[in-house]
Amino acid sequence: MPNIRHLIAIDATPGTVYSAVTSREGFAAWWTTEVSAGEGTNLRLYFGPDYFKELRQVETLANRRAVFKVVQGHPQWIKTEIVFNLRPDGKSTQLYFEHNGWKDYTDLYSQCSYDWSIFLR
């Protein structure tokens, strides 16, 4: 299975980065401005009036790791996992990002790999 991976140095503490990748307010600051509660404890992120992704948080380790399973969205995204691993590096944080579980190398996979690098930057 192909996976998307990126490594980004962020000039912020692990706590700040962790909040940005685990909270509604955090996601709204860098991924999409419209984020709401989904079913149960899920987060729903909107990308236009008729398109959204719903994420279920499946693992967390405060200020170190967060893992989400995509439960609704584009069919190629469903059942994929989005992983944020954080490591302090002096006064900054190393973000090891993964989007795992893609079924195949598709045009959408290529587009998403590029888009993730833009959003995460």
Undergrad: For the residue pair Trp116 and Phe84, categorise the inter-ring angle as parallel (less than 30°), tilted (30 to 60°) or perpendicular (more than 60°).
TA: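 Rings of Trp116 and Phe84: perpendicular, over 60°.
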
Undergrad: So, for Ser92 and Ile10, which heavy atoms are closest and what is the spacing to 0.1 Å?
TA: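 Where Ser92 meets Ile10 most closely, the heavy atoms are CB-O, 3.1 Å.
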
Undergrad: Roughly how far, to the nearest 0.5 Å, is CG of Leu55 from CH2 of Trp31?
TA: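 If I round to the nearest 0.5 Å, the distance is 5.0 Å.
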
Undergrad: Can you give me the closest heavy-atom contact between Asn63 and Pro14, atom names plus distance?
TA: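 For Asn63 and Pro14, the tightest heavy-atom pair comes out as O-CB, 3.6 Å.
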
Undergrad: So how far is it from Met1 CE to Asn100 CG, rounded to the nearest 0.5 Å?
TA: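 Answer rounded to 0.5 Å: 9.5 Å.
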
Undergrad: Is a donor on one side and an acceptor on the other found under 3.5 Å between the side chain of His99 and the backbone of Tyr109?
TA: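 Pair absent, no side-chain N/O of His99 close to backbone of Tyr109.
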
Undergrad: Can you give me the closest heavy-atom contact between Ala66 and Val21, atom names plus distance?
TA: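 Closest approach of Ala66 to Val21, heavy atoms only: CB-O, 4.4 Å.
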
Undergrad: What heavy-atom pair brings Ala12 and Thr93 nearest, and what distance separates the two atoms?
TA: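 Scanning both residues, the minimum pair turns out to be O-OG1, 2.6 Å.
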
Undergrad: Taking the inter-plane angle between the rings of Trp30 and Phe27 on a 0 to 90° scale, is it parallel (under 30°), tilted (30 to 60°) or perpendicular (over 60°)?
TA: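 Answer is tilted, since the angle falls between 30° and 60°.
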
Undergrad: Could you grab the distance from atom CG of Leu108 to atom NE2 of His74, nearest 0.5 Å is fine?
TA: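 Answer for the CG-NE2 pair, Leu108 versus His74, is 5.0 Å.
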
Undergrad: Run the side chain to side chain contact (heavy atoms under 4.5 Å, CB included) test on Leu95 and Leu86 for me, step by step, so that the C-alpha distance in whole Å, both residues' side-chain angles and the decisive distance to 0.1 Å come before the verdict.
TA: CA-CA 5 Å; Leu95 170 63; Leu86 312 175; 3.3 Å; yes

Undergrad: Taking all non-hydrogen atoms of both residues, which atom of Ser117 and which atom of His6 are closest, and how far apart?
TA: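 What the structure gives for the nearest pair is CB-CE1, 3.7 Å.
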
Undergrad: Are Phe119 and Phe68 linked, directly or through other ILVMFWY residues, by side chains that come within less than 4.5 angstrom of each other?
TA: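 Phe119 clusters together with Phe68.
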
Undergrad: Kindly compute the distance separating CD (Gln72) from CD1 (Ile78), expressed to the nearest 0.5 Å.
TA: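 Rounded to the nearest 0.5 Å, the CD-CD1 separation comes to 7.0 Å.
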
Undergrad: The test is side chain to side chain contact (heavy atoms under 4.5 Å, CB included); show your working for Tyr18 and Thr13 and say whether it passes.
TA: CA-CA 9 Å; Tyr18 183 80; Thr13 66; over 6 Å; no

Undergrad: According to the salt bridge (charged side-chain N to carboxylate O under 4.0 Å, His left out) rule, which pairs have a member within residues 66-82, sequence neighbours left out?
TA: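 Pairs touching residues 66-82 that pass the test: Lys69-Glu81.
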
Undergrad: Mind checking whether Val83 and Ile8 sit in one hydrophobic cluster, side chains of I, L, V, M, F, W, Y counted as touching below 4.5 Å?
TA: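 Different hydrophobic clusters.
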
Undergrad: Parallel, tilted or perpendicular for Phe52 and Tyr46, by the 30°/60° rule?
TA: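 Tilted, since the angle between the ring planes falls between 30° and 60°.
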
Undergrad: Do Leu120 and Phe47 sit in one hydrophobic cluster, given that two such residues count as connected whenever their side-chain heavy atoms are within less than 4.5 Å of each other, even indirectly?
TA: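 Linked, Leu120 and Phe47 end up in one cluster.
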
Undergrad: Hey, could you give me the SG/CG distance between Cys112 and Asp107, rounded to the nearest 0.5 Å?
TA: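 Going from the SG atom of Cys112 to the CG atom of Asp107 covers 11.0 Å.
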
Undergrad: Is a donor on one side and an acceptor on the other found under 3.5 Å between the side chain of Thr80 and the backbone of Trp102?
TA: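 Such a contact is absent between Thr80 side chain and Trp102 backbone.
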
Undergrad: Do you reckon Tyr114 sits in the same ILVMFWY cluster as Tyr105, going by side-chain contacts under 4.5 Å, direct or chained?
TA: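 Different clusters: Tyr114 never reaches Tyr105 through Ile, Leu, Val, Met, Phe, Trp or Tyr contacts under 4.5 Å.
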
Undergrad: Go through the structure and list residues passing side-chain contact (heavy atoms from CB on, under 4.5 Å) with Asn42, not counting sequence neighbours.
TA: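 Per chain and number, Asn42 pairs via side-chain contact (heavy atoms from CB on, under 4.5 Å) with Glu39, Glu54, Arg56, Val71.
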
Undergrad: What is the distance from atom CD of Gln94 to atom CG of Asn85, rounded to the nearest 0.5 Å?
TA: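 Between atom CD of Gln94 and atom CG of Asn85 there are 12.0 Å.
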
